[in-house]
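Atoms within a ligand are numbered from 1 in the order they appear, just like the ligands themselves. Residue numbers start at 1 and run along the sequence shown.
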Amino acid sequence: MSVNDSTVAFDSFLAAEPPSEGRLKLLVAAALCPFLPGWSARRTREIPLRQAAEVHVACVFLAILFLMAISVVWSSETFTTAAVRTSFSEFSRDLAKHWDEATLVILGTMLAVEAGFFALALLLMPWGAVDEPLRASFSHALRRVWCQSPHVWLAIVLIGLSAMGIDRLGDAWSAAHPVTYPQMPQPPPGMQPNTPESDAFDQVMDDYYREHNRIWLEARNAKPWYLRDEELVPFSLGFCCGLWFFVALLRAVGVYRAAPRSTRPPLCEECGYDLTLMPHDGRCPECGEPVVVSLGPEARLGAPWARREGGRLRAWWRTTCMAISNPFALGRMLRMRDPGTAHRVFLFMHLPVVFLVGAAALPALALAMRNVAPETGSGPPTPELLLVALVPGVLCTVGTLVLVLATASLRGLVHRVQDKRNLLPGAIQHCCYLAGYFVCWEVFGGATGIGAILLGLQEWFRDWFERYLPPEFAAFELWTISNLIWLLVYLRIARTGIAATRYANR
Ligand SMILES: [Zn+2]
């Protein structure tokens with residue numbers, strides 16, 4: 001039986017549509033999915049895609065209704081029934097007048113949302129993949145992403161309500177604390193430019209702007225912190241909700257699933273030759289590799305880390321070194337049938353370090369600027385800066401996860417075409433085991449980034465480069481090129497390691 005035949009056998013396994021779940025069970029799982037994503041995913045693990053699509057469509061519909069409702073309430077003067085009713089009739093009149101544009105906007109938005117959900121499913125596909133046809137890995141991810149739609153709806157409601165609430169509070173504050181600004185001075189009639197008269201007027205205007213600014217700043221500082229920047233609360237909430245959704249999706253997609261029974265013939269791990277009926281003490285007729293290496297008890301034991309070989313620390317160190325310096329050997333160890341969760345634990349162990357290194361970048365830059373280029377006027381890192389520094393920390397952490405998932409997903413698609421086999425379970429394991437590489441890369445990227453900024457400020461560098469191209473651009477290019485090399489090396493390592501799983505028997 002060829003690999004193609006086994007794919008057909010897998011497909012017939014999948015063709016048996018799982019039975020639909022009861023509405024109530026589905027409703028409970030949908031309501032609780034933001035808070036208990038793993039639990040909800042386990043309860044709806046096998047629902048048909050059609051049912052998941054129903055949940056998703058219902059959420060999109062509810063989100064559109066909510067957005068319309070909030071725009072009506074927001075545009076009404078007060079919260080009284082009469083005001084809302086007036087606002088609603090205005091809204092429906094506008095909608096009736098511009099129905100074609102409204103339809104286009106809604107359709108366009110829905111298309112973008114659907115494209116986003118498909119892209120998310122494609123990205124998350126390796127996370128929950130087992131030894132199955134690639135189509136099954138994708139439909140599992142799509143089912144999970146669709147079933148997680150109530151979470152997006154909740155986020156939209158939270159952000160919308162907070163934005164409206166802040167806006168109302170801001171209006172109430174302004175009404176209770178009126179601020180009077182000075183009248184803008186008018187130029188004397190017939191004033192000519194570049195005369196003593198116009199110079200005096202410029203002086204008056206300067207004073208006016210200074211006074212205006214002073215009053216504005218005073219009024220702003222008198223406000224409570226959440227009203228000083230009206231976008232701050234909704235934006236921060238949006239950021240947190242995005243993070244929450246991503247983590248919940250990882251939990252949901254990563255829910256345990258048993259792989260379907262494999263019908264693949266035993267293959268030579270070296271060349272993919274069919275070893276059916278070959279004696280265990282023989283050699284592959286194609287490449288001469290001992291059969292026992294491919295099918296013996298020592299074949300595909302799992303990464304050293306998955307077995308905690310020689311203790312946690314040794315296993316961690318061996319896996320990190322192997323993943324980077326000998327990806328082929330590690331690829332030959334990975335288990336495809338039951339990938340387990342050891343690789344996820346391995347990756348997550350490194351994420352706090354990734355976060356801390358990312359969060360240290362801004363304070364480190366501030367310190368370096370202060371010592372190397374004091375003329376730029378940088379002070380010591382302030383508490384606000386430390387708070388803002390958390391953002392790059394979070395972005396680096398999420399970026400690492402996205403890079404792992406995207407690499408595994410892309411390589412999985414490539415091997416599906418090349419080898420007609422789903423290598424996602426191996427791909428995600430190998431990319432996770434490269435966590436040590438990511439930490440080194442991040443430290444290098446941060447250090448060279450700071451170095452590039454400081455270099456762009458150096459006199460000799462500016463003088464030398466100014467003749468060819470803008471110095472800031474040149475410094476940025478130096479940083480980009482050195483990091484591009486890290487990216488290319490990473491992609492090469494990952495490719496070698498993943499390719500070594502293509503003839504896996506277990
Ligand atoms: Zn062979």
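Checking E270 against S294 by side-chain atom types alone, no donor-acceptor pair falls below 3.5 Å. Between the side chains of T407 and R495, not a single donor N or O lies within less than 3.5 Å of an accepting N or O.
For residues 30-59, the pairs satisfying ring pair (Phe, Tyr, Trp, His ring centres under 6.0 Å) are F35-W244, H56-F117, H56-W146, with sequence neighbours left out. The stretch residues 393-437 participates, sequence neighbours left out, in these ring pair (Phe, Tyr, Trp, His ring centres under 6.0 Å) pairs: F346-Y433, Y437-W486.
A search for salt bridge (charged side-chain N to carboxylate O under 4.0 Å, His left out) contacts involving R506 returns nothing, not counting sequence neighbours.
Using modelled atom types, one side-chain atom of R45 and one backbone atom of Y256 make a donor-acceptor pair closer than 3.5 Å.
Nearby protein atoms of type N, O or S around the Zn ion (ligand 1) amount to 4 (distance under 2.8 Å).
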